[in-house]
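Residue numbers start from 1 in every chain, and the chains themselves are labelled A, B, ... in the order their sequence lines are given, proteins ahead of strands.
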There are 2 protein chains.
Amino acid sequence: MKHYPEAMYRLIRQFCKLPGIGQKSAERFAMYLLSAPDTEVAALSKSIGELKKQVTVCKTCFCLSDQETCAICRDPGRDSGLVCVVESPADMAAIEKSGAFTGVYHVLQGLISPMDGIGPEEIRIRELVARVRAGTVKEVVIATSTSVEGEATADYIDKALKSFEVNVTRIASGVPMGGELKYIDQVTLKKAMEARRAV
Amino acid sequence: MKHYPEAMYRLIRQFCKLPGIGQKSAERFAMYLLSAPDTEVAALSKSIGELKKQVTVCKTCFCLSDQETCAICRDPGRDSGLVCVVESPADMAAIEKSGAFTGVYHVLQGLISPMDGIGPEEIRIRELVARVRAGTVKEVVIATSTSVEGEATADYIDKALKSFEVNVTRIASGVPMGGELKYIDQVTLKKAMEARRAV
């Protein structure tokens, strides 16, 4: 195989490492960049190179930030007594996009998963307990996924915060909006039935 | 929207310009790079930055190359009397992958398309005629797409080479392998019927 120059092959191999990208997409990317304006290609190269230098982790909530403390933790308009616990920065971004939350976050950077050798010490639970112990937190909303690991982590956090004067809540499980009942799995339906409430 | 640092947003916007990549994929790429090894991220940044410097165009066949003359044109094992005319380097790569061609190529870098203001002068037809005029070419296989532009370009090349002592052929049109007859369009079936041959 020598139908592309080595520099193309190298770039194609590297693009292939991106999540969800195979040989064909990687080739399209490389071809696109060859015909893209020089400034655009240079800007992409620079942004990738500088990403890790410019992005750090907020020392309070462990989300992605460009400063020691992130924009949300710094914002006086956010309720710092209401803390939403999520697995990852991507989950935090999803909740932010919904616009339904006005408190602050705590990013665990993982979930408890004994199968992968990840115990409570490997994720940011100790730091969450310390935040609660400091005394200003009134409610902790656990918004981990509803997977086995997410549920186990939620359970663990609930127990870890038992001894403090803080409300621990869990985001609701149930039928997703726009969901057709006949296509919803049984476990979800059971949860939705159990958690029924007055209209 | 301030749930990611500015450096993340910048990179996400730039990834969104890649063909077929939307907001979600771009976010996944950026998240992946944040957790990828430093060396891998630096290598990707470098490869993108150096791509255009390292990749040039072969002065004989106009395919992508890292030298003045590409690896295929330099290869003494290839039949330089048999020239396959294609639209783009990607088309050339597709034919190379099939392993069905042992000659050399001529990359037009486009197709005649009056709607887009691309006439015969805008693509590498003049250079193809010059190659044929030089006298060593015995057969020109036109392997442009079977689109309107591809057919028009094939026609034009056929006429342009009429006055030379060279065989001009066109790759076969017909039912693709593995194709179910009932799903094949009528124009393709008509072509396949007209071009029928002894078994």
Side-chain angles (χ1 to χ4, degrees), chain A residues 1-8 10-15 17-21 24-25 27-36 38 40-56 58 63-67 70-72 74-75 88-90 92-97 105, chain B residues 1-8 10-15 17-21 24-25 27-36 38 40-56 58 63-67 70-72 74-75 88-90 92-97 105:
Chain A
M1 300 258 282
K2 49 186 173 182
H3 32 281
Y4 291 134
E6 179 49 34
M8 284 279 283
R10 199 163 50 228
L11 181 57
I12 289 170
R13 278 196 305 272
Q14 286 162 346
F15 274 139
K17 292 184 185 165
L18 293 175
I21 294 306
K24 287 232 170 185
S25 300
E27 282 188 38
R28 278 181 75 198
F29 292 174
M31 284 291 181
Y32 168 79
L33 289 180
L34 267 183
S35 57
D38 284 0
E40 186 185 322
V41 179
L44 177 62
S45 164
K46 190 162 168 252
S47 294
I48 292 174
E50 292 180 352
L51 180 68
K52 285 205 181 187
K53 282 171 224 153
Q54 292 185 353
V55 175
T56 176
C58 171
C63 78
L64 302 175
S65 174
D66 40 14
Q67 295 182 35
C70 74
I72 291 176
R74 285 200 312 270
D75 186 347
S88 67
M92 188 197 108
I95 295 177
E96 277 297 289
K97 280 177 200 162
Y105 291 88
Chain B
M1 300 259 280
K2 49 185 173 183
H3 32 279
Y4 292 133
E6 179 49 34
M8 284 279 283
R10 198 163 49 228
L11 182 56
I12 289 169
R13 278 195 306 272
Q14 285 161 347
F15 274 139
K17 292 184 185 165
L18 293 175
I21 295 305
K24 287 232 168 185
S25 299
E27 281 188 41
R28 279 181 75 199
F29 292 173
M31 284 292 181
Y32 168 80
L33 288 179
L34 268 182
S35 57
D38 284 0
E40 187 185 321
V41 179
L44 177 61
S45 164
K46 190 162 167 256
S47 294
I48 292 175
E50 291 180 353
L51 180 68
K52 285 204 182 188
K53 282 170 225 153
Q54 292 185 353
V55 175
T56 174
C58 171
C63 78
L64 301 175
S65 174
D66 40 14
Q67 296 182 34
C70 74
I72 291 177
R74 285 201 311 271
D75 186 346
S88 67
M92 188 196 107
I95 294 178
E96 276 298 289
K97 280 177 198 159
Y105 291 88

>> At a 4.5 Å cut-off on heavy atoms, which part of A:E27 comes close to chain B: side chain, backbone, both, or neither?
In response: side chain

>> Between B:I95, B:V55, B:I48, who has the most heavy-atom pairs with chain A when the cutoff is under 4.5 Å?
In response: B:I48

> Which pair of heavy atoms, one from B:L64 and one from A:M8, lies closest together, and at what distance?
Replying inline: CD1-CE, 3.7 Å

> At what distance, to the nearest 0.5 angstrom, does CG of B:D38 lie from NZ of A:K53?
Replying inline: 9.5 Å

> Looking at CZ of A:F29 and CG of B:L51, how far apart are the two atoms once the value is rounded to the nearest 0.5 Å?
Replying inline: 14.0 Å

> For A:L33 and B:K52, which heavy atoms make the closest approach, and how far apart are they?
Replying inline: O-CE, 3.2 Å

> Given that the side chain runs from C-beta out, which part of B:I21 has a heavy atom under 4.5 Å from chain A: side chain, backbone, both or neither?
Replying inline: side chain

> Can you tell which of B:A43, B:C70, B:S88 has the highest number of heavy-atom pairs within less than 4.5 Å of chain A?
Replying inline: B:A43

> Taking A:V41, A:T56, A:L44 one by one, which has the highest count of heavy-atom pairs under 4.5 Å against chain B?
Replying inline: A:L44

>> Which one wins on heavy-atom pair count under 4.5 Å against chain A: B:Q14, B:Q54, B:K46?
In response: B:Q14

> Which bit of B:M31 comes within less than 4.5 Å of chain A, counting heavy atoms only: side chain, backbone, both or neither?
Replying inline: side chain

> Among B:R13, B:R28, B:R10, which residue forms the greatest number of heavy-atom pairs with chain A at distances under 4.5 Å?
Replying inline: B:R28

> Heavy-atom distance under 4.5 Å to chain A: side chain of B:E40, backbone, both or neither?
Replying inline: side chain

> Ignoring hydrogens and geometry, is there a side-chain-to-backbone donor-acceptor pair from A:S45 to B:S45 under 3.5 Å?
Replying inline: yes

> Could you state the interatomic distance from OG (B:S25) to CG (A:L18), rounded to the nearest 0.5 Å?
Replying inline: 10.0 Å

> Can you name the nearest heavy-atom pair linking A:L11 to B:S47, along with the distance?
Replying inline: CD1-CB, 3.9 Å

>> For a quick test of reading the model, state the closest non-hydrogen atom pair linking B:A90 to A:Y4 and the distance between them.
In response: CA-OH, 3.8 Å

> Among A:A36, A:A30, A:C63, A:A42, who wins on heavy-atom pairs under 4.5 Å with chain B?
Replying inline: A:A36

